[in-house]
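In each ligand, atom 1 is the first atom listed, and ligand 1 is the first ligand listed.
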Amino acid sequence: MSAVITDDKIPNNVNLSGDVRLQRALEAWQPKFIDWWKEMGPSGWMERDIYLRTAVSVETDGWAHFDYVKMPDYRWGIFLEPKQEGRVHGFGDFQGQPVWDEIPGEFRNNLRRLVVTQGDTEPASVEQQRLLGATAPSLYDLRNLFQVNVEEGRHLWAMVYLLHTYFGRDGREEAEELLQRRSGDADKPRILGAFNEPTSHWLSFFMFTMFTDRDGKYQLAALAESGFDPLARTCRFMLTEEAHHMFVGESGVQRICKRAAELMKTGDVRAQGGIDLPTIQKYLNLWYTLSLDLFGGEVSSNAADAFAAGLKGRYKEDRYDEHKLIGSTFAMDVLRDGKVVHEDVPMRTALNEVLRTEYIKDCQRGVDRWNKTLKDEGCDFQMKLPSHKFHRQIGMWSTLKFSPDGQMITADEWAKRSGEWLPNEADETFVKSLMHAVYEPGKMASWIAPPAKGINGLPEKFEYVRP
Ligand code: BYC
């Protein structure tokens with residue numbers, strides 16, 4: 001195990017050449033991945049030189065090496081954080097015992113399910129975004145889209161490595177299926193809801209990277225605590241890459257808000273080619289609530305089992321004093337006989353809600369920064385996260401209807417009003433009507449403000465994607 005990533009056919013820091021059988025199996029999967037990338041990756045951009053960051057080592061100074069690369073030549077590979085000698089289980093029934101380098105048989109199925117679910121999201125997001133290059137608001141944004149895409153491709157590699165190495169034949173079959181499911185496909189959809197939703201324009205892309213990638217941050221952080229050490233180490237390295245994706249989303253929406261606020265000073269935002277703030281709020285409502293669903297049910301025996309077995313912990317487990325969670329409870333809203341009541345729920349079964357609560361706080365911090373931008377522009381409108389009960393499709397709130405401020409409403413009222421709260425067809429048509437590619441270095445589409453600075457210290461007018 002070294003920090004340096006090799007130049008092998010499959011770049012890695014796990015001494016892949018020391019395990020010929022595994023190396024062969026992954027080398028057989030590699031061309032299928034490339035075929036999938038060419039078919040389902042960014043459409044029409046494969047021959048272009050893109051200014052991308054690639055990992056050359058897992059050390060702080062090595063994971064962000066910038067250069068022009070053609071996307072199919074990107075160094076997808078297997079990068080794990082170095083092993084910490086003496087690491088022990090940090091939580092659950094095995095707390096204090098040495099972490100595992102192999103999976104005990106009784107936990108194999110549960111762990112495989114988590115790894116497959118995580119792995120499935122990565123190619124799904126690339127599929128969702130594959131047509132966006134045709135309408136990029138600038139070369140800067142185009143390059144950021146591709147950076148996100150190639151890294152999601154690498155995150156698929158991270159999970160496929162685990163499947164091939166630790167799950168035998170089942171794992172190899174799952175790795176094949178990860179390349180066969182398709183986002184939004186009626187017959188073989190991706191596993192989780194949000195990853196089958198269309199990301200048909202850049203406002204949805206920025207909301208996706210703000211809210212859905214942020215779910216990724218929290219899920220990966222929970223898996224980074226795992227007592228199955230190879231999973232923990234691979235997720236830790238993935239988290240370093242994930243931060244950029246959320247930056248793309250948060251700063252993207254912030255720039256759209258800024259532009260709207262600027263245009264408000266001179267007239268109607270839409271008429272001047274901007275996206276008005278109430279429309280931005282609707283897309284926030286949509287993508288935030290789709291992403292809330294990704295945390296699973298509020299009360300979940302799956303979550304309790306994963307915690308007990310030491311497979312999936314909480315966000316930054318170190319912050320807590322108690323790590324077994326036997327006998328403790330979490331106070332949360334639940335449904336009892338059709339009514340919302342606040343109740344103590346056994347902590348282990350409430351862990352999806354605990355993680356979702358941390359996520360909500362993090363989303364609020366981002367929304368606060370957007371609101372500061374609006375205020376600085378002299379604008380009174382403030383963006384707001386809707387209630388966690390609003391527009392849910394997974395968990396206990398999905399059986400009823402709630403308004404954005406969390407009031408229970410009838411199905412009739414929902415039918416009448418949901419078009420005020422979520423993007424309707426007219427909004428979707430309007431937003432799409434603004435999406436025209438701007439490929440001239442330094443130029444921006446009418447609906448988005450320029451970024452505060454360029455990539456890697458370069459100017460905003462740098463040619464991030466060569467013609
Ligand atoms: N859609 O006990 P429950 C990312 C299913 S994003 C559809 O309530 P559990 C990324 C569930 O599978 C991070 N089905 O939930 C971001 C189960 O089905 P089975 C991805 C759903 O299991 C942007 C049943 O409902 N990370 O990285 O405690 C770009 C009851 O489940 C959904 C992970 O997913 C849904 N939303 O928790 C690129 C981490 N939710 O098994 C990448 C690994 C639940 O009964 N996964 N179901 O048939 C997990 O930790 C858990 O599987 C979940 C669900 C948190 C997702």
Side-chain angles (χ1 to χ4, degrees), residues 109-130 145 147-159 162-163 174 178 181 183-184 189-197 199 204-226 228 231-232 234-235 238-239 241-246 248-249 287-309 311-315 345 348-356 358-359 391-399:
N109 284 348
N110 269 354
L111 188 61
R112 191 183 65 205
R113 185 175 153 278
L114 293 178
V115 170
V116 167
T117 309
Q118 177 64 48
D120 191 69
T121 63
E122 316 289 0
S125 67
V126 174
E127 291 165 3
Q128 285 169 297
Q129 296 161 14
R130 70 184 287 266
L145 166 72
Q147 184 70 57
V148 169
N149 290 162
V150 291
E151 286 174 356
E152 300 301 6
R154 206 205 66 71
H155 291 180
L156 171 61
W157 270 93
M159 293 300 126
L162 295 176
L163 288 171
E174 293 282 11
L178 285 170
R181 284 186 287 272
S183 174
R190 292 295 174 182
I191 297 171
L192 298 175
F195 294 90
N196 289 303
E197 291 289 325
T199 314
S204 279
F205 169 69
F206 288 129
M207 290 295 179
F208 180 98
T209 38
M210 166 74 185
F211 292 115
T212 311
D213 275 279
R214 196 171 304 273
D215 165 56
K217 167 182 164 184
Y218 280 82
Q219 298 295 342
L220 288 173
L223 295 174
E225 301 289 340
S226 186
F228 175 52
L231 175 63
T234 199
C235 288
M238 288 162 79
L239 278 166
E241 293 171 326
E242 202 66 39
H244 172 70
H245 306 187
M246 285 175 293
V248 168
W287 284 101
Y288 171 64
T289 52
L290 288 171
S291 306
L292 288 177
D293 280 340
L294 297 173
F295 290 80
E298 285 72 17
V299 178
S300 165
S301 59
N302 285 339
D305 291 347
F307 185 86
L311 303 179
K312 183 177 173 187
R314 287 169 294 182
Y315 181 68
V345 172
R348 282 188 176 189
T349 57
L351 285 172
N352 285 346
E353 193 61 7
V354 170
L355 196 60
R356 186 168 17 237
E358 291 297 315
Y359 166 83
H391 186 235
R392 292 293 301 282
Q393 284 154 78
I394 294 285
M396 60 177 74
W397 312 118
S398 65
T399 56

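Looking at Ser125 next to ligand 1, no N or O pair under 3.5 Å apart turns up. Ligand 1 has no N or O atom lying under 3.5 Å from any N or O atom of Ile394, backbone or side chain. Checked against a 3.5 angstrom limit, the closest N/O atoms of Asp213 and ligand 1 fall outside it. Polar contact check, Thr212 against ligand 1: no nitrogen or oxygen pair lies under 3.5 Å apart. Geometrically, ligand 1 and Gly193 share a nitrogen or oxygen pair separated by less than 3.5 Å. Between Asn302 and ligand 1, at least one N/O pair is under 3.5 Å apart.
Closest to atom 43 (C) of ligand 1 among all protein heavy atoms lies Leu114 O, 3.6 Å. For atom 8 (O) of ligand 1, the nearest non-hydrogen atom of the protein is Gly297 N, 2.6 Å. Among all protein heavy atoms, the one lying closest to atom 28 (O) of ligand 1 is Ser300 OG, 2.7 Å. The shortest contact between atom 33 (C) of ligand 1 and any protein heavy atom is with Gln118 OE1, 3.3 Å. With hydrogens left out, the protein atom closest to atom 7 (C) of ligand 1 is Ile191 O, 3.5 Å, a heavy atom. In terms of protein heavy-atom proximity, atom 44 (C) of ligand 1 is nearest to Gly296 CA, 3.9 Å. Of all protein heavy atoms, the one lying nearest to atom 34 (O) of ligand 1 is Thr117 CG2, 3.5 Å. In terms of protein heavy atoms, atom 29 (C) of ligand 1 is closest to Glu152 OE2, 3.3 Å.
A donor-acceptor distance shorter than 3.5 angstrom exists from the side chain of Ser125 to the backbone of Glu122, with no hydrogens or angles considered. Between the side chain of Glu298 and the backbone N or O of Trp397 there is no donor-acceptor pair closer than 3.5 Å. No donor-acceptor pair under 3.5 Å is formed between the side chain of Asn149 and the backbone N or O of Val126. Of the possible polar contacts, none joining the Arg113 side chain to the Asn109 backbone as a donor-acceptor pair under 3.5 Å is found.
Set against the non-hydrogen atoms of Phe295, the atoms of ligand 1 under 4.0 Å away are 55 (C).
A salt bridge between Glu358 and Arg314 is absent, with no side-chain N of the basic residue lying under 4.0 Å from a carboxylate O of the acidic one. Checked for salt-bridge contact, Glu353 and Arg356 meet the test: a charged N lies under 4.0 Å from a carboxylate O.
With 3.5 Å as the limit, one finds no donor-acceptor pair spanning the side chains of His244 and Gln147.
By the ring pair (Phe, Tyr, Trp, His ring centres under 6.0 Å) test, Phe208 pairs with Phe195, Trp287, sequence neighbours left out.
For the residues Asp215, Leu223, Asp305, the heavy atom positioned nearest atom 6 (S) of ligand 1 is part of Asp215. For atom 32 (C) of ligand 1, the candidate residues are Leu192, Asn149, Val148; the nearest heavy-atom contact is made by Leu192. When the heavy atoms of Asp293, Asn352, Val299 are ranked by distance to atom 36 (N) of ligand 1, first place goes to Asp293.
Using a 4.0 Å cut-off between heavy atoms, Lys312 contacts ligand 1 through its side chain alone, with no backbone atom that close. The proximity of Phe195 to ligand 1, defined as any non-hydrogen pair under 4.0 Å, is limited to the side chain.
Using a 4.0 Å heavy-atom cutoff, Leu351 is absent from the residues neighbouring ligand 1. Distances from ligand 1 to the non-hydrogen atoms of Arg113 include at least one value under 4.0 Å. At least one heavy atom of Phe208 sits closer than 4.0 Å to an atom of ligand 1.
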